[in-house]
Amino acid sequence: MSVNACIRLDLAAVRHNLATVRARVPGARVLAVIKADAYGHGLLRIAKTLDSVEGFAVARLDEALALRHAGMSQRIVVLQGFVEPPELELMSQHALEPVIHAGFQVGQLEQASGIQPLPVWMKLDTGMHRLGFMAGEVSGYYRRLSQCPTVRQPVHLMTHLASADEPDSSDTPNQLHAFRERLRGYPGEQCIANSAGILAWTATHTAWIRPGIMLYGVSPFAGRTGEQEGLRPVMSFRTRLIALKNLPTGARVGYGGDWVCSRPTLMGIAAVGYGDGYPRHAVAGTPVLVRGQRVPLIARVSMDMINLDLTDCPGVAAGDEVILWGDGLPVEEVARHAGTIPYALLCGITQRVKRIT
Ligand SMILES: *Cc1c(COP(=O)(O)O)cnc(C)c1O
């Protein structure tokens, strides 16, 4: 029996993509970024598939604890660090590695007592202006961290690139220059590159790298696909046709009647909508695969259904599988039609969608 909205995960593709990362940056240690439920793919399933990596990076403490509770013993970096002392204590108890990006965290490390020293990653703000220490703060806080008894030495060092997906931008060279300037002589291990850095900027390749989106087989660059980077898509988002209907020329379709049939139309209804994470802003003409053939979305996306124009797709029947993205239809292309980025589509799959491997 075919099923309503579900995602299928190709775990062999995850391993292939990790091998591609390693081939791009031989010898680097990999912090696999699996925040946000592994970009919507399922935290534990992806973590277990990637268990040969040297470490994982997650955004928040609860994601890291879920990994520890599942028995993962790799290094785990928590990109947002801690905000309050009890969170610091939990991180120490579970041998997690917080990113230290603000002065108040240094104060809490100094005041903590009776905790196991923990490795920390000092984050420099080299131009992204989100988390991290500004130029004038680095040496003072670095000194305090390097003398702090609750910090395992040496202090590791990182920064995040704001525009690595723009090959012509001078932001990345500027950020690299700022990072090196401020850290001259500090002994800790360094980590800079995200997927775009790995693929486009060899100068960002340091002891550690932090691939995210490319592990899932998706390109970080606008206008390119994962396949063009030698990657394989991991997620395929599918559903089935639940109805077919013949409409006359002039029939208005869907909420608001925005779509008007310009010819006698065989319309299909597929069981997926924004309630499943299909983007509501996907415009008419967004491609969908039915029987391996590209067909256009028509009318507005509803919560549980979308409308397809199947006039040029003879032989279709209720129950036929519909691929929304994945094998044969890059999520990058759907994102473009929906005015969003593939990251948001992958993360946006909702709870009711079944995960199948
Ligand atoms: C999400 C994230 C990454 C991974 O970025 P990709 O573009 O998915 O490779 C790396 N570092 C930090 C700090 C992040 O937040």
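Just so you know, ligand 1 is whichever comes first in the structure, and atom 1 is the first atom listed for that ligand.
- The existence of a salt bridge linking Asp125 and Arg130 is excluded, since no basic side-chain nitrogen approaches an acidic carboxylate oxygen closer than 4.0 Å.
- Closest non-hydrogen pair, Asn307 versus Arg300, comes out as ND2-O, 4.0 Å.
- Protein heavy atom at the shortest distance from atom 12 (C) of ligand 1 is His160 CE1, 3.3 Å.
- The residues Arg224 and Asp165 are annotated as not salt-bridged, no charged nitrogen and carboxylate oxygen being separated by less than 4.0 angstrom.
- Near Tyr39, with a cut-off below 4.0 Å to any heavy atom, the atoms of ligand 1 are 1 (C), 4 (C), 5 (O), 6 (P), 8 (O).
- Contacts between Pro220 and ligand 1, counted as non-hydrogen atom pairs separated by less than 4.0 Å, are absent for every part of the residue.
- The salt bridge (Lys or Arg N to Asp or Glu O under 4.0 Å) test with Glu54 is passed by exactly one of Arg210, Arg75, Arg22: Arg22.
- Side-chain contact check for Arg238 and Ser236: at least one donor-acceptor pair (N or O, by modelled atom type) lies under 3.5 Å.
- For a threshold of 3.5 Å applied to N or O pairs, the pair formed by Tyr343 and ligand 1 contains at least one separation below that value.
- Using cut-offs of 30° and 60° on the angle between ring planes, the pair Trp208 and Trp121 is perpendicular.
- Polar contact with ligand 1: present for Ile213 (N/O pair, distance under 3.5 Å).
- The nearest heavy-atom contact from the protein to atom 9 (O) of ligand 1 is Ser195 OG, 2.6 Å.
- Counting heavy atoms only, Arg210 comes closest to atom 11 (N) of ligand 1 of the residues Met128, Arg210, Met158, Lys35.
- The shortest N or O to N or O distance between Met214 and ligand 1 is not below 3.5 Å.
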